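This structure is a prediction, so every number in the text was calculated from the model and none was measured.
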Amino acid sequence: MVLRLSSARIESPHAQCSPSVPLHRAAGEVTGALTAVVSVAALLLAAWCGFATARDQPTKDWHLIGMAVVTVLALAQLVVGIVEIANGHKPTGGTVIFLAYAVGAVLTVPAAGFMSLIERTRWGSAIGAAGGVVLAALELRLVEIWGGGHG
Amino acid sequence: MAEAQPTQEKPRRKIGEGPGRLLVSLYGLFTVAAGSRSVYQLIAQYHKAPLSYWLSAFAALVYAFILVTLVRGGESARRIALACCGVELAGVLVVGTLSIVTPSWFHDQTVWSYYGAGYVCIPLILPVTGILWLRRAAGQPEADPLPLAEPQPADA
């Protein structure tokens, strides 16, 4: 990859284009890492809330703080995604679809948290667990939509 | 004088609470998912597979209807929701089977293709749990007279 990039730089007289390429690739790796982090966090949240369901307990403050953390991660993913699209990345599944799923991913866990605050039983915790599983599923779709190659 | 009696509940059956609230959440999720998907596909790529997209739109409509009846509650809403869950189950089974037997009818996936495999089979699980829950809710007395301390033996 390094060889190919450097040879392209020599061949191309338009030197202004080349500095943006490494930056872009670095940002692509950030997106991949963020997706993995969000997925793991979502599944941990699901397990944690599932545990509360099994113990017949409603969600507590710590569950809601956990939901907030997962939401912030999903929000960071959306922001990085927007920055990368602004830098010229074309999601293979379509830009509109990517943004729709990324916004959905941000809203999923807060919606589950809201429902778990209304339902102060074990079933509220079950909703929190479902929210985590749904977010993890959304992350799988986001990876597909974003496309394999980071460039 | 007795404006608020703690033992007197509303005569409405609480089909949207407890386990029902989980169903409300999932039906809300699928209303949004199927609805936004079908609206986008009907607008952006209608000619690719109109039948598939109209089927997704129909699924979204059924989900939305069940969502509203669950939230509203009451005996008539419960019966309507039960009927809609029947429609939903029939839809998943028919479309799921057709998508395997005659794939040429569908040029793109619907929410119900392959029994909802694209959605972790939740489209198949949801109507079944919905029907079970709504049937169980029918057996409950209207103004739940059970004391809170008594554990319910029929807890699923």
Side-chain angles (χ1 to χ4, degrees), chain A residues 39 42-43 45-46 49-50 52-59 67 91 93-145, chain B residues 14-45 48 53 56 60 63 67 70-71 73 108-109 111 116-123 125-126 129-130 132-133 136-137 144 146 148-149 151-156:
Chain A
S39 306
L43 288 175
L45 179 73
C49 290
T53 310
R55 291 180 59 185
D56 200 2
Q57 287 177 345
T59 50
M67 289 179 192
T95 303
V96 176
I97 300 282
F98 174 80
L99 290 176
Y101 271 87
V103 169
V106 174
L107 296 179
T108 301
V109 168
F114 177 73
M115 291 301 282
S116 84
L117 281 176
I118 298 175
E119 181 64 41
R120 302 304 297 150
T121 66
R122 70 188 310 178
W123 298 106
S125 303
I127 294 168
V133 172
V134 168
L135 178 54
L138 283 176
E139 292 299 316
L140 276 181
R141 284 288 293 133
L142 274 171
V143 171
E144 282 177 24
I145 296 163
Chain B
K14 311 264 186 216
I15 55 174
E17 287 176 18
R21 196 98 66 184
L22 179 60
L23 284 177
V24 167
S25 307
L26 289 174
Y27 273 109
L29 171 75
F30 271 82
T31 304
V32 173
S36 53
R37 174 191 175 140
S38 61
V39 166
Y40 172 81
Q41 288 179 326
L42 282 171
I43 292 171
Q45 50 197 55
K48 201 176 153 199
Y53 304 150
S56 289
Y63 289 135
L67 174 66
L70 280 175
V71 171
D108 200 351
Q109 295 249 3
V111 176
Y119 293 87
V120 215
C121 277
I122 293 175
I125 300 163
L126 211 47
T129 45
L132 289 175
W133 164 243
R136 225 197 91 182
D144 211 21
L146 283 172
L148 283 172
Q152 289 191 324
D155 200 40

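At a threshold of 4.5 Å between non-hydrogen side-chain atoms, the residues A/T121 and A/Q57 do not count as touching. Two residues are said to be in side-chain contact when any heavy atoms from C-beta on lie closer than 4.5 Å; B/S56 and B/Y40 fail this criterion.
Both the backbone and the side chain of A/A126 come within contact range of chain B, each with at least one heavy atom under 4.5 Å from a heavy atom of that chain. When heavy atoms are compared at a cutoff of 4.5 Å, B/I122 does not approach chain A at all. Of the atoms belonging to A/V134, it is side-chain heavy atoms, and not backbone ones, that fall under 4.5 Å from chain B.
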* To do: Determine, step by step, whether A/M67 and A/S116 satisfy the side chain to side chain contact (heavy atoms under 4.5 Å, CB included) criterion, reporting the C-alpha distance in whole Å, the side-chain angles of both residues, the deciding distance to 0.1 Å, and the verdict.
  => CA-CA 11 Å; A/M67 289 179 192; A/S116 84; 4.2 Å; yes

* **Residue pair A/S125, A/R55: steps toward the side chain to side chain contact (heavy atoms under 4.5 Å, CB included) verdict** => CA-CA 10 Å; A/S125 303; A/R55 291 180 59 185; over 6 Å; no

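For B/Y119, the side-chain hydrogen bond (donor to acceptor under 3.5 Å, both in side chains) criterion is met by B/R37, not counting sequence neighbours.
Listed by sequence position, A/V96, A/I97 are the residues of residues 95-103 of chain A in contact with chain B, using a 4.5 angstrom heavy-atom cutoff.
Taking CG of A/L135 as the reference point, atom CG of A/L45 lies at 8.5 Å (rounded to 0.5 Å). The distance from atom CD1 of A/I127 to atom CG of B/L29, rounded to the nearest 0.5 Å, is 11.5 Å.
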